[in-house]
Amino acid sequence: PLDLREKSLFLLASFHERLAEFAVAASTYEQYATEFKTGPKRTDALFNAGLFREGLGEYVRAIGNFRTYMTDYPKQPDVPDLAWRIGLLLEKKKDLKDAQEHFVMFAKTYGNADQARLLCAEYHQVLAQQNLQKSKSELLVSYEQLAKSYARLSDVDKQKACPLEAMGA
């Protein structure tokens, strides 16, 4: 029966995970997510598949899994974290133009929730600009905006890792 297959497939993926067979686990989680669009463990399957693909250095597939999760489950509380993670994956795959655009989108979409993370998104945009060899005047404007954003942070947020890194502490 279909109910038994759904439970068995997810369980099989978790067994591969426990055996450190991460590529097989990722494929099995992806198979679960494809076959069981309304399955009770689909969010877990998409997340786990993305996480293992990331660990395997398969960034395109990881991004695909995370984007499917975000599209299909936009109200999940971890969607902003996955959006952030996608930006970092774009940086890892050296897709700096897409990374910069992604962090701009992140700031517009999720910037109201966490001011420290908003500053980090601005920081990653500046890093991308720098790596894309933007003009010195563009970079100066971006760094000035970054400093202003830092000044607006609460004292608690100023002590978080990314704002400290952005300010060169």
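Reckoned from all heavy atoms, side chains included, excluding hydrogens, waters and symmetry mates.
- Checked against side chain to side chain contact (heavy atoms under 4.5 Å, CB included), T38 has no partners two or more places apart in sequence or in another chain.
- If you chain together ILVMFWY residues whose side-chain heavy atoms come under 4.5 Å of each other, L11 ends up grouped with F15.
- Side-chain contact between V79 and P74 is absent, with no heavy-atom pair separated by less than 4.5 Å.
- Judged as a ring-ring contact (aromatic ring centres under 6.0 Å, His included), and not counting sequence neighbours, the contacts of F103 are W84, H124.
- With contacts defined as side-chain heavy-atom distances shorter than 4.5 Å, the pair L46/F66 does not qualify.
- Identified under the salt bridge (Lys or Arg N to Asp or Glu O under 4.0 Å) test for residues 12-33, with sequence neighbours left out: E30-R53, E30-R61.
- Residues F106 and L118 form no side-chain contact, since every pair of their non-hydrogen atoms from C-beta on lies 4.5 Å or further apart.
- Using modelled atom types, one side-chain atom of Y32 and one backbone atom of K41 make a donor-acceptor pair closer than 3.5 Å.
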task = Go through the steps to decide whether E138 and S142 satisfy the test side-chain hydrogen bond (donor to acceptor under 3.5 Å, both in side chains), and finish with yes or no.
result = CA-CA 6 Å; E138 281 181 280; S142 295; over 6 Å; no
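- Sorted by first and then second residue, the salt bridge (Lys or Arg N to Asp or Glu O under 4.0 Å) pairs involving residues 87-100 (not counting sequence neighbours) are E54-K92, K93-D95, K97-E101.
- The distance from atom CG of L88 to atom NE2 of H102, rounded to the nearest 0.5 Å, is 8.0 Å.
- Residues passing the side-chain hydrogen bond (donor to acceptor under 3.5 Å, both in side chains) test with E35 are R5, Q31, sequence neighbours excluded.
- For D3, the salt bridge (Lys or Arg N to Asp or Glu O under 4.0 Å) criterion is met by K7, not counting sequence neighbours.
- Here R67 pairs with nothing under the side-chain hydrogen bond (donor to acceptor under 3.5 Å, both in side chains) rule; sequence neighbours left out.
- Between the CG atom in L96 and the CG atom in L132 there is a gap of 5.0 Å [rounded to 0.5 Å].
- Applying the salt bridge (Lys or Arg N to Asp or Glu O under 4.0 Å) test to D78 and every residue at least two apart in sequence or in another chain returns nothing.
- The stretch residues 53-99 participates, sequence neighbours left out, in no disulfide bond (SG atoms under 2.5 Å apart) pair at all.
- For F22, the ring-ring contact (aromatic ring centres under 6.0 Å, His included) partners at least two apart in sequence or on another chain are F52.
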message = Quick one, Y29 with F10, criterion ring pair (Phe, Tyr, Trp, His ring centres under 6.0 Å). Give me CA distance, side-chain angles, the key distance, then yes/no.
response = CA-CA 7 Å; Y29 281 127; F10 192 87; 5.4 Å; yes
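- Using a 4.0 Å cut-off between charged nitrogen and carboxylate oxygen, K37 and D72 do not count as a salt-bridge pair.
- Judged as a salt bridge (Lys or Arg N to Asp or Glu O under 4.0 Å), the pairs with a partner in residues 148-162 (not counting sequence neighbours) are, in order, D157-K160.
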